[in-house]
There are 2 protein chains.
Amino acid sequence: MARPAKFTPDQFLDAARDAVALHGRDATLGQVCALVGAPTGSVYHRFPTREHLFVGLWLRSVRQFHVGLLEAAARPDGREALAAAALHIPRYCREHPAEALALTLYRQQVLVRSAPTDLTDDVRTVNDRIAAATTDLCRRRYGTVSEHLLTVVTTAVRQCPYGLVRPYVGGEVPQWLDDAVLASSTAILRLGDS
Amino acid sequence: MARPAKFTPDQFLDAARDAVALHGRDATLGQVCALVGAPTGSVYHRFPTREHLFVGLWLRSVRQFHVGLLEAAARPDGREALAAAALHIPRYCREHPAEALALTLYRQQVLVRSAPTDLTDDVRTVNDRIAAATTDLCRRRYGTVSEHLLTVVTTAVRQCPYGLVRPYVGGEVPQWLDDAVLASSTAILRLGDS
DNA sequence: TGACATCTAGAACGATGCTGCTAAAACGTG
DNA sequence: CACGTTTTAGCAGCATCGTTCTAGATGTCA
């Protein structure tokens, strides 16, 4: 039909990820293209704007992050599932430092309003499966589900571990941090017992 | 002597703070000056570059944040001091949401390398008094000081609470978060007992 | 083999925003 | 009451970067 593409969209996403690791959140398209080895204009055959590229990177990283998180949450034992989910966060940051850094590029809450309209659906629904898994974890841990308990679980399993890891994201995440994650996570979960 | 200044440096810092609250981390000098009501060029009689202005804002916010933190850490009872220090973080974010947002502008570790040379000294030493207070807290809690224990205290008192509060910074920080901060902080401190 | 669609390649365009410049203004001092 | 100094006021230069455009290349399918 036509000339085959020399570069894949994922190559550009990878390059964007590396550019962020190298130059921070305001990496330029020029830096991205230089990493790919492609001319500047080539991005626009895959991503209509710079924002599409970087939001696309964020979405891909979030989804990749969710794979392991969902696996952890699927463990048969409820307590184990909660602990494994919390510990998945430092683990992910160790195994995928650059992707973890890309996670810090945006916040969903903000992105829902500011993202290009053809991406808002993706941004809005990207957390749906995690939300379902959280509800499940909540029911298994407390036997019931309420808005407050959901917040407690989310805080214990994602927010707090992420906050602990955050200063190390992109670099070396110390091993002892796992102890801190586990200790703080279970302590917060106990708040839901009363 | 000379024409008196119509605007103070602090006015520009305040405006930078508000511009960040309004337009995010890449607020422009134009937006800052619009908030002051000053012409664009006026900034340069106080701050040689844009970076000086925003790093200056960050430094001012850090120092303001430290005031309450040092007060909390000065409490006679060691345990109370640790708890009060941890709880100071959500409190500060409630009382000074815009300044708290300015704290997220940079990270000291990065800034030490990237800041303008005439500010690196300020950046490097801005945490010194906090470091001393942390050592003191550590000694009072555990009776001894080691690198590991210092990391535990820092994580429990600053890193973890900050991580919990971070998603809410700039907006409303829920009251129940204080419970989570206290629970996770004491749980992490217990790690130092073994 | 030729037409066509899609891509590469890189230059050009346009907007934005930081920085420096000039002229006028204001105020204390000699 | 001039003078010198410092600031206001806003414009202009300059660089950067996102985006678009044009020309040429390349492979597929009829």
Side-chain angles (χ1 to χ4, degrees), chain A residues 1-59 102 105-106 110-111 114-119, chain B residues 1-59 102 105-106 110-111 114-119:
Chain A
M1 195 89 98
R3 177 177 183 173
K6 196 166 164 185
F7 316 103
T8 66
D10 263 315
Q11 269 180 283
F12 283 93
L13 291 176
D14 289 344
R17 173 199 63 194
D18 296 341
V20 167
L22 245 61
H23 305 104
R25 57 189 338 110
D26 37 43
T28 70
L29 284 183
Q31 291 163 340
V32 173
C33 289
L35 285 171
V36 176
T40 28
S42 276
V43 192
Y44 288 87
H45 289 279
R46 283 104 182 157
F47 304 92
T49 70
R50 178 188 188 277
E51 184 125 24
H52 282 81
L53 173 64
F54 282 89
V55 172
L57 168 64
W58 182 82
L59 282 168
L105 240 38
Y106 303 100
V110 180
L111 213 50
S114 67
T117 47
D118 55 330
L119 289 180
Chain B
M1 196 95 87
R3 177 174 184 176
K6 198 167 163 186
F7 315 103
T8 66
D10 264 314
Q11 269 180 282
F12 283 94
L13 291 176
D14 289 344
R17 175 199 62 195
D18 297 341
V20 168
L22 245 59
H23 305 103
R25 58 190 338 110
D26 38 42
T28 69
L29 283 184
Q31 291 163 340
V32 173
C33 289
L35 285 170
V36 175
T40 28
S42 276
V43 191
Y44 288 87
H45 289 278
R46 284 107 182 153
F47 304 92
T49 70
R50 178 188 189 279
E51 184 126 25
H52 281 81
L53 173 63
F54 283 90
V55 172
L57 168 64
W58 182 81
L59 282 168
L105 240 38
Y106 303 99
V110 179
L111 213 51
S114 67
T117 47
D118 54 329
L119 289 179

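So that the names make sense, note that chain A is the first sequence line, chain B the second, and so on, each numbered from 1. Computed from a prediction, not measured in an experiment: that's the story for all the values here.
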Colleague: Closest approach of A15(B) and L35(B), non-hydrogen atoms and distance?
Modeller: O-CD1, 3.4 Å
Colleague: When the distance from NE2 of H45(A) to P of dT22(D) is rounded to whole Å, what number comes out?
Modeller: 13 Å
Colleague: For residues P39(B) and C33(B), report the shortest heavy-atom separation together with the two atoms involved.
Modeller: O-SG, 3.7 Å
Colleague: On DNA chain D, nearest-nucleotide positions of T40(A) versus S42(B): which is more 5'?
Modeller: S42(B)
Colleague: Where is the tightest heavy-atom contact between S114(B) and E51(B), given as atom of each residue plus distance?
Modeller: O-OE2, 4.1 Å
Colleague: Could you go through the side-chain contact (heavy atoms from CB on, under 4.5 Å) check for L53(A) and R50(A) one step at a time?
Modeller: CA-CA 5 Å; L53(A) 173 64; R50(A) 178 188 188 277; 5.6 Å; no
Colleague: Given atom CZ of F54(B) and atom P of dG17(C), what is their separation to the nearest angstrom?
Modeller: 12 Å
Colleague: Rounding to an integer number of Å, can you tell me how far R46(B) CZ sits from dT19(C) C1'?
Modeller: 16 Å
Colleague: Between the side chains of T49(A) and H52(A), is a donor N or O closer than 3.5 angstrom to an acceptor N or O?
Modeller: yes
Colleague: Between Y44(B) (OH) and dT8(D) (C1'), how many Å, whole number?
Modeller: 16 Å
Colleague: Does the side chain of R50(B) get closer than 4.0 angstrom to OP1 or OP2 of dT16(C) through an N or O atom?
Modeller: no
Colleague: Checking all strands, does T49(B) fall into the base, sugar-phosphate, or nothing category for heavy-atom contacts under 4.0 angstrom?
Modeller: sugar-phosphate
Colleague: Under a 4.0 Å heavy-atom cut-off, which of residues 15-38 of chain B touch DNA chain D?
Modeller: none
Colleague: Measure CD/E51(A) against C1'/dT19(D) and give the value in whole Å, please.
Modeller: 14 Å
Colleague: Below the 4.0 Å mark, does dA9(D) have OP1 or OP2 next to a side-chain nitrogen or oxygen of K6(B)?
Modeller: yes
Colleague: Tell me the closest heavy-atom pair linking W58(A) and A102(A), and the distance in Å.
Modeller: CD1-O, 3.4 Å
Colleague: Please lay out, stage by stage, how F47(B) and V55(B) fare under the test side-chain contact (heavy atoms from CB on, under 4.5 Å).
Modeller: CA-CA 10 Å; F47(B) 304 92; V55(B) 172; over 6 Å; no
Colleague: Please report, rounded to the nearest Å, how far the P atom of dT20(D) is from the NE2 atom of H52(A).
Modeller: 12 Å
Colleague: Take the protein atom CZ of F7(B) and the nucleotide atom C1' of dG10(D), then report the distance between them rounded to whole Å.
Modeller: 13 Å
